[in-house]
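Inspection log for the structure reproduced underneath, given as structure tokens.
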Amino acid sequence: MTIAATTLDLSKIRVSPLPSKESVKRFSCGEREIDSWVAAKAAKWTEQHRTRVFIAHLDGNPSALGFYSLTFATEDGSKLSDQRYREIYKPSGVPLVYLHFLGVQRTNQRCGLGTLLL
């Protein structure tokens with residue numbers, strides 16, 4: 001269940017790479033899987049170059065109001081339907097970017113922050 005925020009001035013939001021584990025320490029969007037991942041794994045996976053995490057925050061305040069993580073992968077090029085692209089990507093695979101997680105602090109949901117992050 002979401003809780004409507006009072007007001008959030010989206011023009012004051014900055015989106016930056018995750019600066020530290022402390023930025024997401026108190027993050028809670030209300031979805032257990034997302035909350036536990038961001039608290040336990042976001043910084044670690046970033047350090048391991050397994051994902052890139054970006055946070056939405058107010059200028060001068062490093063606490064995350066929202067975040068998203070991108071994961072990079074490759075897929076076998078032989079699965080492509082177009083023969084031209086199968087030839088191009090067969091040796092190295094097709095590069096893909098996955099939106100792994102996206103979350104908005106419960107108190108800031110339904111204010112357009114999730115849309116801004118997308």
Side-chain angles (χ1 to χ4, degrees):
M1 173 174 219
T2 59
I3 300 169
T6 49
T7 324
L8 184 62
D9 184 355
L10 296 178
S11 68
K12 295 184 179 184
I13 297 293
R14 301 293 172 253
V15 178
S16 310
L18 179 67
S20 71
K21 187 176 183 174
E22 295 300 312
S23 296
V24 291
K25 186 175 183 178
R26 296 183 194 167
F27 185 85
S28 176
C29 70
E31 293 291 330
R32 186 186 316 172
E33 181 182 2
I34 296 172
D35 292 341
S36 64
W37 183 85
V38 75
K41 297 180 181 175
K44 182 178 180 180
W45 283 26
T46 298
E47 290 170 8
Q48 295 171 342
H49 303 288
R50 291 176 66 182
T51 191
R52 291 283 308 221
V53 178
F54 296 87
I55 65 164
H57 59 96
L58 292 171
D59 215 5
N61 184 343
S63 294
L65 302 175
F67 83 97
Y68 65 91
S69 68
L70 301 175
T71 303
F72 307 96
T74 57
E75 184 65 50
D76 183 3
S78 66
K79 296 180 181 180
L80 295 170
S81 60
D82 190 318
Q83 177 64 32
R84 293 173 296 172
Y85 295 117
R86 278 199 302 267
E87 295 302 319
I88 293 170
Y89 291 112
K90 189 174 182 180
S92 60
V94 179
L96 302 171
V97 178
Y98 291 102
L99 178 60
H100 189 236
F101 282 112
L102 178 123
V104 174
Q105 236 353 329
R106 289 185 81 163
T107 55
N108 294 300
Q109 292 175 357
R110 300 193 182 268
C111 290
L113 185 55
T115 301
L116 176 77
L117 288 170
L118 278 176

Spatial distance of atom [atom1] ([X]) from atom [atom2] ([Y]) [nearest 0.5 Å]:
X: Leu58; Y: Asp9; atom1: CG; atom2: CG; value: 8.5 Å
X: Ser69; Y: Leu102; atom1: OG; atom2: CG; value: 8.5 Å
X: Ser28; Y: Arg106; atom1: OG; atom2: CZ; value: 6.0 Å
X: Leu65; Y: Arg14; atom1: CG; atom2: CZ; value: 12.0 Å

Using modelled atom types and a 3.5 Å cut-off, is there a donor and acceptor pairing between side-chain atoms of Asp59 and backbone atoms of Lys12?
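Here the side-chain-to-backbone pair does not exist.
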
Measure from the side-chain N and O atoms of Asp35 to the backbone N and O of Gly30, and report whether any donor-acceptor pair falls under 3.5 Å.
yes

Under 3.5 Å, which donor-acceptor pairs do the side chains of residues 37-56 form with other protein atoms, sequence neighbours left out?
from, atom 1, to, atom 2, distance (Å)
Thr46, OG1, Ala42, O, 2.8
Thr51, OG1, Leu70, O, 2.7

Decide yes or no for [X] and [Y]: does some side-chain heavy atom of the first lie under 4.5 Å from some side-chain heavy atom of the second?
X: Leu118; Y: Leu116; result: no
X: Tyr89; Y: Ser78; result: no
X: Val97; Y: Thr71; result: no
X: Thr7; Y: Cys111; result: no
X: Val94; Y: Thr74; result: no

For residues 60-88, which residue pairs qualify under salt bridge (Lys or Arg N to Asp or Glu O under 4.0 Å), counting only residues two or more places apart or in two chains?
Glu75-Lys79, Asp82-Arg84

CZ (Phe72) with more than 12 external heavy atoms under 6.0 Å
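Result for CZ/Phe72: enclosed.
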
Does Leu99 belong to the same Ile/Leu/Val/Met/Phe/Trp/Tyr cluster as Leu117, with side-chain heavy atoms less than 4.5 Å apart forming each link?
yes

Hydrophobic clustering (ILVMFWY, side-chain heavy atoms < 4.5 Å, transitive) - are Leu18 and Tyr68 grouped together?
no

Heavy-atom nearest pair, Ala64 first then Val24, reads CB-CG1, 3.9 Å

What is the minimum heavy-atom distance between Gln105 and Arg26, and which atoms define it?
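Shortest heavy-atom contact: NE2-O, 3.6 Å.
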
Tell me yes or no: between the side chains of Ser16 and His57, is some donor less than 3.5 Å from an acceptor?
yes

List the steps, then state whether ring pair (Phe, Tyr, Trp, His ring centres under 6.0 Å) holds for Phe27 with Phe67.
CA-CA 9 Å; Phe27 185 85; Phe67 83 97; 5.2 Å; yes

